[in-house]
Amino acid sequence: MAARHSLLHNERKRTNKIAGLLLEDKKPRLGWRTLVVPLFLLDLLGFKKDLHVTRKNLFFTKKHAFDAVRQIEAGQHRGVALGTIESKTRALLDREKKCFDSEKVRRKQLIEIELLTDHYIKLLSSDQSKYDEMVRSVYSKRGRFMVFYTALRKTEQEVIQAAKTTVRKGSKRERRRWFDQIERI
């Protein structure tokens, strides 16, 4: 239980940091708008909303991977657990009419979810309770971790590439800048 909490905490902390870096330029600054309290509060509320949505989107695949791990630990077969996640993501895509994801993005995300699920299962099967110790235990050599990390980066880049070509929110320049910034961070 402590290991799962440590793993989840580490992933959330990393996601929050990335979201903060992505929205750094949108953060309300102290200036003349602070003198007009309603304007400053409006800016602050808008920033908080954007931050929440960005965190949620960045944590999407991790959340579903954790759900699959919970199902597998409860005794469900890996294929069934991942099938359940696939059904949930399909239903989410069908339900959300304003959803910016497409079937192409969802398929790429499912690959990422599978990769993360296997990674989390490995980490949780170690006898360690802290994230760093779990990683050292499972990936005893740096090269082993780099194989996983390279595969994860490749998969994340495929998700971003699919999103670049299918998402239609904002101008093409804004989308390209946003996804380039995600890749960079």
Side-chain angles (χ1 to χ4, degrees), residues 3-30 43-70 85 88-89 92-93 96 98-102 104-124 130-136 138-139 142 144-185:
R4 181 181 294 137
H5 176 73
S6 175
L7 181 57
L8 186 59
H9 175 75
N10 183 68
E11 293 293 352
R12 281 210 169 116
K13 188 170 121 181
R14 199 175 289 157
T15 301
N16 290 342
K17 184 176 182 177
I18 292 168
L21 290 170
L22 284 169
L23 297 176
E24 183 69 29
D25 59 334
K26 291 185 177 187
K27 194 177 215 177
R29 306 277 184 234
L30 295 177
D43 291 347
L44 188 62
L45 289 174
F47 173 74
K48 295 278 186 183
K49 180 184 175 208
D50 290 347
L51 189 61
H52 173 74
V53 169
T54 302
R55 284 179 183 150
K56 184 179 170 186
N57 288 336
L58 290 172
F59 200 70
F60 181 81
T61 55
K62 293 170 180 72
K63 175 188 175 294
H64 286 294
F66 276 111
D67 289 347
V69 168
R70 268 192 224 106
I85 300 302
K88 282 182 186 178
T89 60
L92 181 66
L93 185 63
E96 302 258 345
K98 295 190 311 183
C99 185
F100 300 116
D101 285 345
S102 67
K104 183 177 180 182
V105 173
R106 190 184 75 83
R107 283 193 312 270
K108 298 291 184 182
Q109 286 175 326
L110 288 172
I111 295 168
E112 184 179 355
I113 290 168
E114 283 186 50
L115 185 64
L116 287 170
T117 299
D118 293 340
H119 172 65
Y120 294 156
I121 287 172
K122 286 178 187 175
L123 293 180
L124 292 173
K130 293 185 178 166
Y131 179 78
D132 294 339
E133 294 169 358
M134 286 187 273
V135 170
R136 281 190 205 101
V138 171
Y139 303 103
R142 181 175 169 83
R144 288 183 184 166
F145 181 75
M146 290 311 292
V147 167
F148 159 73
Y149 182 75
T150 302
L152 180 61
R153 285 280 296 147
K154 181 179 180 274
T155 305
E156 287 175 340
Q157 287 172 341
E158 289 174 0
V159 170
I160 290 170
Q161 200 56 40
K164 275 183 183 178
T165 61
T166 60
V167 170
R168 296 292 174 231
K169 181 181 178 188
S171 71
K172 191 173 185 177
R173 172 185 271 162
E174 289 171 335
R175 289 192 312 264
R176 189 177 307 127
R177 188 185 69 74
W178 174 255
F179 288 116
D180 288 346
Q181 189 177 2
I182 289 173
E183 275 188 82
R184 192 171 49 255
I185 292 175

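Residues take their numbers from the sequence shown, with the count starting at 1.
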Value for CD1 (Ile111) from CZ (Arg107), rounded to nearest 0.5 Å, stands at 8.5 Å
Once side-chain hydrogen bond (donor to acceptor under 3.5 Å, both in side chains) is applied, do any residues pair with Asp180, and if so which ones, sequence neighbours excluded? Lys164
Residue set satisfying side-chain hydrogen bond (donor to acceptor under 3.5 Å, both in side chains) with Arg177, at least two apart, ordered chain then number -> Gln181
Side chains of Leu123 and Tyr139: closer than 4.5 Å at any heavy-atom pair? yes
CG-CD distance between Leu22 and Glu24, expressed to the nearest 0.5 angstrom: 10.5 Å
Closest non-hydrogen atom pair, Thr117 against Val69: O-CG2, 3.8 Å
Does Glu133 have any side-chain hydrogen bond (donor to acceptor under 3.5 Å, both in side chains) partners at least two apart in sequence or in another chain, and if so, which? none
Decide yes or no on side chain to side chain contact (heavy atoms under 4.5 Å, CB included) for Lys122 and His119, but give the supporting numbers first. CA-CA 5 Å; Lys122 286 178 187 175; His119 172 65; 5.6 Å; no
Side-chain heavy atoms of Phe60 within contact of Leu92, under 4.5 Å: yes
Beyond-backbone contact of Val159 with Thr61, side-chain heavy atoms, under 4.5 angstrom: no
Test side-chain hydrogen bond (donor to acceptor under 3.5 Å, both in side chains) applied to Thr89 - qualifying residues, sequence neighbours left out: Arg106
Closer than 3.5 angstrom, by distance alone: can the side chain of Ser6 be matched with the main-chain N or O of Tyr131 as a donor-acceptor pair? yes
Do you know which two heavy atoms are closest between Glu183 and Arg153, and how far apart they sit? O-NH1, 3.9 Å
Those residues that, when tested against Phe66, pass ring-ring contact (aromatic ring centres under 6.0 Å, His included) (two or more places apart): Tyr120
Can you name the closest pair of heavy atoms from Ala19 and Thr54 and give their distance? CB-CG2, 3.9 Å
Any Lys108 side-chain heavy atom under 4.5 Å of Thr155 side chain: no
Applying side chain to side chain contact (heavy atoms under 4.5 Å, CB included) to Asn16 and not counting sequence neighbours gives Arg55
Please enumerate all residues that pass side chain to side chain contact (heavy atoms under 4.5 Å, CB included) together with Asp67, with sequence neighbours excluded. Lys63, His64, Arg70, Ile85, Lys88
What salt bridge (Lys or Arg N to Asp or Glu O under 4.0 Å) pairs are there with at least one residue in residues 7-19, not counting sequence neighbours? none
Quick one: side chain to side chain contact (heavy atoms under 4.5 Å, CB included) partners of Lys154, sequence neighbours excluded? Glu158
Side chain to side chain contact (heavy atoms under 4.5 Å, CB included) partners of Phe47, counting only residues at least two apart: Leu23, Lys26, Lys27, Pro28, Leu51
Heavy atoms of Ala3 and Met134 approach each other most closely as O-CE, 3.5 Å
